[in-house]
Protein chains: 4
Amino acid sequence: MPDTATPIPTRWVGPIRVRGNAVSGEVEVPLATYETPLWPSVGRGARVSRLVEDGITVTVVDERMARSILLVAPDAATAYAASLDIQGRIGELQGLVSTQSRFAKLIEVRDEIVGNLLYLRLEFTTGDASGHNMVTQAADLILDHLLAADPRLSYGSVSGNFCTDKKVSAVNGLLGRGKNVVAEILIPADLVAKQLRTTAARVVELNTRKNLVGGIAAGSLRSANAHYANMLLAFYLATGQDAANIVEGSQGITYAEARGEDLYFSCTLPNLIVGTVGNGKDLPVVEDAMVRLGCREDREPGANARRLAALVAASVLCGELSLMAAQTNPGELMAAHLRLERRRQDAGSVA
Amino acid sequence: MPDTATPIPTRWVGPIRVRGNAVSGEVEVPLATYETPLWPSVGRGARVSRLVEDGITVTVVDERMARSILLVAPDAATAYAASLDIQGRIGELQGLVSTQSRFAKLIEVRDEIVGNLLYLRLEFTTGDASGHNMVTQAADLILDHLLAADPRLSYGSVSGNFCTDKKVSAVNGLLGRGKNVVAEILIPADLVAKQLRTTAARVVELNTRKNLVGGIAAGSLRSANAHYANMLLAFYLATGQDAANIVEGSQGITYAEARGEDLYFSCTLPNLIVGTVGNGKDLPVVEDAMVRLGCREDREPGANARRLAALVAASVLCGELSLMAAQTNPGELMAAHLRLERRRQDAGSVA
Amino acid sequence: MPDTATPIPTRWVGPIRVRGNAVSGEVEVPLATYETPLWPSVGRGARVSRLVEDGITVTVVDERMARSILLVAPDAATAYAASLDIQGRIGELQGLVSTQSRFAKLIEVRDEIVGNLLYLRLEFTTGDASGHNMVTQAADLILDHLLAADPRLSYGSVSGNFCTDKKVSAVNGLLGRGKNVVAEILIPADLVAKQLRTTAARVVELNTRKNLVGGIAAGSLRSANAHYANMLLAFYLATGQDAANIVEGSQGITYAEARGEDLYFSCTLPNLIVGTVGNGKDLPVVEDAMVRLGCREDREPGANARRLAALVAASVLCGELSLMAAQTNPGELMAAHLRLERRRQDAGSVA
Amino acid sequence: MPDTATPIPTRWVGPIRVRGNAVSGEVEVPLATYETPLWPSVGRGARVSRLVEDGITVTVVDERMARSILLVAPDAATAYAASLDIQGRIGELQGLVSTQSRFAKLIEVRDEIVGNLLYLRLEFTTGDASGHNMVTQAADLILDHLLAADPRLSYGSVSGNFCTDKKVSAVNGLLGRGKNVVAEILIPADLVAKQLRTTAARVVELNTRKNLVGGIAAGSLRSANAHYANMLLAFYLATGQDAANIVEGSQGITYAEARGEDLYFSCTLPNLIVGTVGNGKDLPVVEDAMVRLGCREDREPGANARRLAALVAASVLCGELSLMAAQTNPGELMAAHLRLERRRQDAGSVA
């Protein structure tokens with residue numbers, strides 16, 4: 001039992017106009033954060049979305065959850081032979097998983113051999129759950145099964161960091177973990193000028209110099225954006241997600257193009273690890289949030305979670321667009337911050 | 001004004017026995033998290049710390065906060081000349097900063113030239129604040145000053161992502177941002193056996209195979225640990241920190257050695273961005289937490305924040321040690337989770 | 001026509017005793033290098049291999065060559081639809097490739113969507129050629145075909161850097177490019193002592209502290225070794241390979257274990273891009289080298305190239321083992337260098 | 001003694017028109033490579049340079065060579081104390097180095113503490129040598145000195161991979177190793193059209209989509225270019241460099257801007273490890289190359305090496321510009337390759 005609760009200031013922002021293969025309509029989103037300038041920032045992006053006929057389009061490109069087990073062989077030759085053998089028994093492993101869970105479905109097993117170490121990355125769909133625990137249980141079962149079946153292999157770890165959870169890596173972006181989502185919008189020139197006080201060319205130029213080149217110079221890894229982590233944290237906390245997953249969630253790419261004077265602006269988020277059921281979702285405030293977000297509807301397994309991921313991505317785009325526009329204008333950002341934060345000593349961050 | 005608050009379940013865990021150049025004593029720590037198995041996990045590490053005479057030793061190695069501005073020159077030759085010129089005027093810039101803030105002190109300016117783009121990384125100490133806003137204000141001032149002084153330069157961005165805030169990178173670890181802290185403990189063999197149900201050799205082996213080799217195989221970047229992000233998130237939320245900074249905070253290294261049968265276990269966290277004053281710190285629950293943590297004492301500027309960072313690092317070590325020990329034992333982890341989470345569908349994550 | 005030739009000093013070293021799924025026997029290897037201390041270094045490893053009954057075991061785990069094309073869609077939704085469509089037409093694309101080349105076989109198409117950009121990573125086997133040009137021709141053909149078939153797509157680039165060739169990345173290691181090879185050896189304690197003047201424990205400790213932890217601290221990416229690049233360069237030059245591929249080739253992992261007092265030592269090289277036919281292979285000296293290496297035998301397509309890759313990996317292990325052993329002994333390395341390089345001002349590198 | 005020599009086909013290309021803080025004039029450059037399409041590719045860039053009044057401007061921004069030693073302390077607190085102590089004795093260490101070498105000058109010592117491990121990165125200038133061996137000798141001397149002076153420290157390694165040599169990392173780019181050089185050119189619109197058969201807008205767009213976004217998606221690390229490694233390898237081989245250093249040398253950034261219809265194009269190469277004296281430079285063909293390159297003049301120590309680095313960077317720009325221009329045109333690249341390589345089975349690579 002908790003001793004107490006830490007109340008994170010929360011506001012519903014929007015609505016955001018959004019459509020795509022997982023959501024359609026105008027939806028308000030909850031943001032729990034100590035960094036309250038985030039609310040008007042996302043709010044400005046949401047206003048832009050409502051002024052564009054099609055709003056923000058969100059495409060869910062992939063979904064899976066992974067856990068890597070680590071098996072130890074006497075040598076690489078044996079590890080390789082064992083891996084080939086296991087690849088031939090995927091059906092057997094899928095059957096095994098299905099005996100344990102209605103929702104977890106094993107979709108792929110990838111191997112990575114380093115010396116005599118055999119990392120098996122087990123990839124699942126997990127219905128509407130983010131799936132951390134579901135895949136850990138399944139991995140545990142598979143691990144026992146494989147160890148029992150092959151005396152050449154011994155236990156390394158139930159988690160070999162080739163998963164990888166809540167840690168910076170390239171593996172999640174390249175092999176997939178969580179929902180892979182792209183949010184995008186095409187903003188007419190007059191809205192860019194009036195609502196964002198900038199031009200398409202200036203946003204594109206800033207994105208190239210700051211997010212792309214600046215990020216590369218900083219030694220970033222599959223990450224080129226201004227502040228995805230801010231929106232992710234706030235949304236995740238308000239909806240009972242395991243917010244430590246913003247570590248990999250923040251590894252996404254902002255890409256913009258000037259199309260004539262109009263602005264094409266996109267946020268690609270390959271690692272949104274979110275769910276509508278499971279741990280953290282039973283708190284009343286979270287339950288209310290899910291209902292209000294339209295994520296408690298009677299849909300096929302996984303559809304509510306995809307809707308949630310789409311709304312997360314749309315929220316990220318709103319906040320990213322607003323900050324990027326602000327940073328094209330010298331002085332605007334700090335002036336806005338000072339206005340909002342007048343009484344604070346250290347008012348938070350602008351990324 | 002917030003519409004509401006999201007109450008994050010919170011428990012005080014410990015006390016942790018800790019000493020070092022920023023803290024000494026036995027201190028309980030607050031953890032706000034939806035992943036409640038974290039509490040007994042950190043609690044087990046804390047118990048171990050109390051059973052070791054010296055407890056956990058924490059060394060604060062460095063502290064600074066950075067903001068990078070982006071200036072645009074016509075070409076690299078000009079950018080280089082401008083940078084040399086600026087390096088010769090650090091004293092002038094330091095004076096400028098001191099007119100604005102009592103606490104922000106400019107300690108270093110680093111340049112990075114890419115083509116005609118000049119990224120200046122301004123590094124400050126910021127007293128007891130984490131310093132996000134303080135350095136942004138200072139950067140804004142310096143930016144205006146440099147642009148006024150040198151007509152060859154034009155505005156690029158108040159933040160060029162060479163800072164870099166809440167984003168995965170190598171720059172923060174290598175050049176420093178936040179508190180650079182090492183927590184370590186030397187655990188006698190009998191405690192390793194009785195409290196952690198493992199051996200030093202097995203912990204070292206797992207660390208090598210999972211955190212080091214597994215992390216490398218996963219394409220990690222300056223990151224080799226099991227689940228720092230979990231402890232960081234919980235501690236940051238409970239103490240009003242900007243928890244999006246767990247993105248870079250989680251980029252740390254677990255290193256262990258077997259010393260005979262005893263276990264040397266360390267967590268190196270180069271990027272703890274925390275403060276005891278500033279944004280998020282004015283909530284009553286946060287104020288109470290600061291008092292209880294001993295971070296509201298009358299010390300020289302920065303000392304309370306260093307104490308806080310040391311306690312964060314000690315908490316990370318407790319949770320990391322406990323999980324690593326558990327993963328040396330097949331099945332232990334899942335059994336513990338299931339016991340704690342029996343009624344949940346998806347019980348969270350074990351990293 | 002060349003104006004001249006740059007003669008790189010070359011020596012045949014060994015023989016190396018080697019076995020595995022692509023080679024078996026004792027084979028001398030050619031090393032072309034300005035860094036002549038490399039010869040005795042690899043030579044020492046080769047001597048160890050001959051003193052171990054099974055020698056070095058080399059396992060070829062995977063082989064493929066990739067080229068990524070870049071298609072541009074109006075938006076992500078269209079890019080995603082196009083990608084799904086293409087995935088359904090792999091058979092058609094395979095047929096197309098087979099009309100152009102006897103050896104190139106399309107085995108997989110992977111997509112990566114960033115905003116409206118669609119990167120397609122085309123993966124092939126290429127017989128005994130390294131395959132650079134073969135896959136570029138095939139990619140060109142496929143690109144034309146896809147653009148003709150789908151008016152929603154436009155040309156981005158024949159190479160979108162998601163391949164990626166001769167550049168540092170995580171994608172090649174995780175998705176595969178070139179031969180993925182593990183070389184390993186189990187060295188009895190007495191040989192470790194007598195031939196390498198060290199112990200298994202000291203080699204393991206050094207590997208952990210230098211290659212693993214040191215590499216992580218340095219911000220390495222999927223790379224943890226002492227000096228793979230040296231052996232790769234020398235072998236590649238002597239056998240007519242495109243030696244710029246040492247960039248990704250050098251991203252490999254050294255992993256060692258103490259098994260009692262014996263030393264298990266392995267080198268995992270996921271990206272060996274080598275061939276026995278094609279560009280650079282028609283020079284007489286290269287032809288001679290191929291014959292002497294046993295890579296001009298009448299085997300199934302690809303077998304000669306796999307043999308070559310196995311010999312490369314074995315050579316890398318020899319040099320890595322020798323240098324690692326030397327670095328366990330303070331002063332040994334520099335003394336050896338000075339002895340070998342007495343008359344030189346700047347004698348090369350020890351990594 | 002070598003058994004033989006591997007003759008790498010070599011051609012002098014250019015001249016390149018170049019100016020800057022290390023070179024000025026028109027200079028031909030030698031390229032030793034099996035990938036002979038490289039010659040006309042660099043040649044085209046050189047022709048463009050001669051048609052622009054100012055040619056290519058090259059700025060050498062920094063130079064240093066590093067070697068990291070690894071010291072082991074009982075704990076981090078001791079490592080930190082030792083490091084502080086060493087920082088206070090830089091003058092003493094500089095004096096020590098000067099007793100050994102006329103050319104090696106210690107300019108900075110940086111520490112990195114991971115647990116109880118203390119990595120000291122010793123940074124030097126090394127005159128006209130690339131400095132591998134010079135810094136290894138100096139590091140050896142300093143290591144002995146420090147171990148003798150402080151009984152709390154023990155030997156870890158003469159090279160702790162925090163240097164880092166011939167390996168992928170972020171540390172070299174961020175802290176500096178080798179010459180940090182920017183090459184740039186401003187090409188009038190008519191030359192872009194006539195000589196490169198493209199437009200500034202198309203080159204910029206391709207650079208963004210391929211080198212920047214494509215590279216980020218591929219999980220690159222401080223690397224965004226098309227094929228730096230090709231030019232580096234060819235130039236390094238022809239001038240007796242340790243060409244394994246193309247691994248880090250290839251980690252550079254191509255950045256382009258459209259200035260009206262004109263094209264600004266730049267290549268930033270932070271890690272050019274080259275020298276005009278030392279190992280590999282005593283071969284007659286290399287000596288001739290140095291003379292012809294104007295790198296055997298009587299200049300202050302270091303000036304010939306900086307000139308060489310500037311010429312390397314200019315050559316990289318020529319090849320990069322040519323390939324990037326070609327890739328803006330569907331089909332041009334393969335057509336050019338096929339024309340050049342008609343009789344070859346596998347003609348090399350286009351990056």
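Chain naming here is simple, since letters A, B, ... match the order of the sequence lines and numbering starts at 1 in each.
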Could you work out all donor-acceptor pairs shorter than 3.5 Å where one atom is in chain A and the other in chain D?
| from | atom 1 | to | atom 2 | distance (Å) |
| --- | --- | --- | --- | --- |
| A:Arg209 | NE | D:Tyr255 | OH | 3.1 |
| A:Arg209 | NH2 | D:Glu257 | OE2 | 2.9 |
| A:Ala217 | O | D:Arg222 | NH1 | 2.2 |
| A:Arg222 | NH1 | D:Ala217 | O | 2.2 |
| A:Tyr255 | OH | D:Arg209 | NE | 3.1 |
| A:Glu257 | OE2 | D:Arg209 | NH2 | 2.9 |

Quiz item: Tell me, side chain or backbone of D:Ile216 under 4.5 Å from chain A's heavy atoms, or both, or neither?
Solution: both
Quiz item: When heavy-atom pairs shorter than 4.5 Å are enumerated against chain A, which of D:Gly219, D:Ala224, D:Ala217, D:Ala170 gives the highest number?
Solution: D:Ala217
Practice problem: Give, as side chain, backbone, both or neither, the part of D:Leu212 having an atom under 4.5 angstrom from any heavy atom of chain A. | Solution: both
